[in-house]
Protein chains: 2
Amino acid sequence: MPRTPDAETTPLKTRREQIYEVAGQLFSERGYHGTSMRDLAARLGIQGGSLYAHIASKEELLVELVERAAHQFDEALFSLSAADLPPEAKLREAMRRHLEVVAQNMDSATVFFHEWKHLSPPAYQRVTAWRDTIDHFYRELIQEGIRSGDFRADLDVKMSAYLVLSAVNWAYTWYRPGGSLTPGQVVDQFGQMLLDGLRSQP
Amino acid sequence: MPRTPDAETTPLKTRREQIYEVAGQLFSERGYHGTSMRDLAARLGIQGGSLYAHIASKEELLVELVERAAHQFDEALFSLSAADLPPEAKLREAMRRHLEVVAQNMDSATVFFHEWKHLSPPAYQRVTAWRDTIDHFYRELIQEGIRSGDFRADLDVKMSAYLVLSAVNWAYTWYRPGGSLTPGQVVDQFGQMLLDGLRSQP
DNA sequence: CCTACCGATCGGTAGG
DNA sequence: CCTACCGATCGGTAGG
């Protein structure tokens with residue numbers, strides 16, 4: 001059995017990826033409901049109906065794009081959970097990875113942040129659970145730092161996690177890949193501001 | 001001349017406001033393109049076509065909602081520009097007002113952040129200009145604090161402003177009015193974390 | 001504010 | 001991957 005019955009041939013897989021890529025661009029620019037399948041097909045130089053030779057439905061595109069983004073965040077952070085790093089370094093590293101996912105996938109990140117609400121229930125719930133996992137990761141990280149004495153004892157864990165997440169997530173609105181700042185440089189700055197504060201030391 | 005010719009009667013004005021309010025809810029939940037005029041009418045208990053006795057078009061709703069939100073941010077912050085407050089207090093107060101606008105208008109804020117891209121050119125440009133004004137306000141505020149010596153001299157003004165804006169803007173994704181935290185309490189925490197940092201002092 | 005309707009466009013399919 | 005088409009729904013209007 002050299003092939004599974006539903007194995008896709010190489011050109012098909014490539015086309016599929018092209019579709020996802022362009023869908024990511026359009027969904028992030030115009031939104032899911034603001035993008036028609038004919039818009040998408042036109043960008044690929046084919047007819048609207050031809051898309052369905054490669055994908056099952058418009059919703060499949062959204063599901064796939066959002067879940068891929070969620071998976072990337074998950075993958076970037078999960079391997080850090082058990083890492084044996086001091087809390088500060090771990091926080092910086094988490095922020096760096098998180099921001100890299102945003103920076104290297106600006107379209108998918110935008111779709112992830114804006115369009116997940118339009119998913120139908122099963123995918124919607126999976127994505128919500130994923131977001132909770134990310135929240136939980138940052139809360140654990142802060143908690144560790146408080147326990148170890150590296151972070152201030154009077155921090156509210158939930159609020160600190162929100163603050164860190166704000167910084168790395170909101171970047172999808174202003175960061176421009178290819179601009180003057182690498183994700184690493186952004187995190188160096190954000191990391192220092194968050195850890196040491198904006199106030200000048202007396 | 002007791003009335004201007006196009007003065008609206010009271011019941012009309014009220015209905016208009018109802019329409020904007022419900023449109024804000026629907027646009028924030030389902031997006032602009034994900035909401036049909038018939039959805040909107042149904043929520044108001046009228047027929048789709050009847051909406052056009054009160055408004056000119058769907059786009060008018062979006063323009064009005066986004067510009068109202070922009071105007072609220074503008075109004076909340078503008079009066080602070082010339083205020084004679086120490087930089088720290090000014091930053092806290094700006095964040096408090098900013099977050100109050102978000103908190104008291106979760107729907108409009110969500111529409112403002114998500115749907116402004118769908119505006120047609122004239123309104124799009126006005127809103128973009130407004131956003132720049134807000135950015136500029138925060139940068140000026142940080143700049144003042146650096147000059148006065150209250151904020152660290154090595155801060156990157158642009159990045160610090162992004163960090164502050166991240167904190168207050170991202171709240172539209174997680175803040176729940178009527179929950180356990182008032183905007184003031186959120187800002188007390190965010191303000192302290194941003195000013196003093198997460199790290200425990202040696 | 002309703003009924004009845006307009007042309008346009010939507011996601012998706014059949015058959016090739 | 002195309003042509004040709006489906007029923008449904010879209011924003012909006014006319015006339016009352």
Side-chain angles (χ1 to χ4, degrees), chain A residues 6-27 29-66 111 115 117-124, chain B residues 6-27 29-66 111 115 117-124:
Chain A
D6 59 349
E8 287 162 320
T9 60
T10 306
L12 266 182
K13 275 185 85 170
T14 299
R15 201 37 148 173
R16 247 181 101 90
E17 279 315 307
Q18 283 179 33
I19 294 174
Y20 282 119
E21 193 186 327
V22 177
Q25 293 167 11
L26 288 176
F27 290 178
E29 282 169 26
R30 314 180 186 180
Y32 177 65
H33 290 297
T35 304
S36 77
M37 295 304 272
R38 285 164 178 84
D39 290 341
L40 176 55
R43 284 259 186 130
L44 291 158
I46 61 177
Q47 297 300 313
S50 305
L51 288 168
Y52 295 89
H54 306 97
I55 57 152
S57 67
K58 189 183 182 185
E59 163 129 34
E60 180 191 294
L61 290 176
L62 182 61
V63 170
E64 186 75 14
L65 284 169
V66 172
V111 174
E115 313 296 335
K117 283 186 198 169
H118 303 129
L119 293 168
S120 49
Y124 182 98
Chain B
D6 58 349
E8 286 164 322
T9 59
T10 307
L12 268 179
K13 276 186 84 170
T14 298
R15 198 43 147 171
R16 248 181 101 89
E17 280 314 309
Q18 282 178 32
I19 294 174
Y20 283 121
E21 193 186 326
V22 177
Q25 293 166 12
L26 288 175
F27 289 179
E29 281 168 27
R30 313 181 187 179
Y32 176 65
H33 289 297
T35 303
S36 76
M37 295 304 272
R38 286 166 178 83
D39 289 341
L40 176 54
R43 283 257 185 132
L44 291 157
I46 61 178
Q47 296 301 313
S50 306
L51 287 168
Y52 295 90
H54 305 99
I55 57 152
S57 68
K58 187 183 183 186
E59 163 131 34
E60 182 192 292
L61 290 176
L62 181 61
V63 170
E64 187 74 15
L65 284 168
V66 172
V111 175
E115 312 296 335
K117 282 187 198 167
H118 303 128
L119 292 168
S120 48
Y124 183 96

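Below, all heavy atoms of this structure are taken into account, side chains as well, without hydrogens, waters or symmetry copies. Order of the sequence lines fixes the chain letters, A, B, ..., with proteins taken first and strands second; residue numbering starts at 1 for each chain.
Looking at A:T14 and A:Q18, their side chains come closer than 4.5 Å, going by heavy atoms from C-beta outward. Here the side chains of B:E115 and B:L65 are not in contact, with every heavy-atom distance at 4.5 Å or above.
For B:Y32 (side chain) and B:E59 (main-chain N/O), a donor-acceptor pair under 3.5 Å exists by modelled atom type. At distances below 3.5 Å, at least one donor-acceptor pair connects side-chain atoms of B:R16 with backbone N or O atoms of B:H54. B:K58 contributes no side-chain N or O that, together with a main-chain N or O of B:S36, makes up a donor-acceptor pair within less than 3.5 Å.
B:V63 and B:A123 get closest at one heavy-atom pair: CG2-CB, 4.0 Å.
For the contact set between residues 57-66 of chain A and DNA chain C, defined by any heavy atom under 4.0 Å, the members are A:S57, A:K58. A heavy atom closer than 4.0 Å to some atom of DNA chain C occurs in B:I46, B:Q47, B:S50, these being the qualifying members of residues 45-52 of chain B.
Helical stems in DNA chain D, defined as runs of 3 or more consecutive Watson-Crick or G-U wobble pairs with donor-acceptor distances under 3.5 Å: C:1-16 with D:1-16.
Of the residues listed (B:R15, B:E64, B:M37), the one engaging B:I55 in a side chain to side chain contact (heavy atoms under 4.5 Å, CB included) is B:M37, and it is the only one.
Comparing B:S36 and B:A56 by the nucleotide of DNA chain D that holds the closest heavy atom to each, the one mapping nearer the 5' end is B:S36.
Using modelled atom types, one finds a donor on one side chain and an acceptor on the other under 3.5 Å when comparing B:E60 with B:Y20.
Note that CD1 of A:I46 is 4.5 Å distant from CG of A:L51, once rounded to the nearest 0.5 Å.
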Checklist entry - Hey, mind stepping through B:H33 and B:H118 against side-chain contact (heavy atoms from CB on, under 4.5 Å) and telling me if it holds? => result CA-CA 9 Å; B:H33 289 297; B:H118 303 128; 3.8 Å; yes
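Read 5' to 3', the first and last nucleotides of DNA chain D with an atom closer than 4.0 Å to a heavy atom of chain B are D:dC10 to D:dT13.
For B:E21, there are no salt bridge (Lys or Arg N to Asp or Glu O under 4.0 Å) partners two or more places apart in sequence or in a different chain. Checked against salt bridge (Lys or Arg N to Asp or Glu O under 4.0 Å), B:R38 has no partners two or more places apart in sequence or in another chain.
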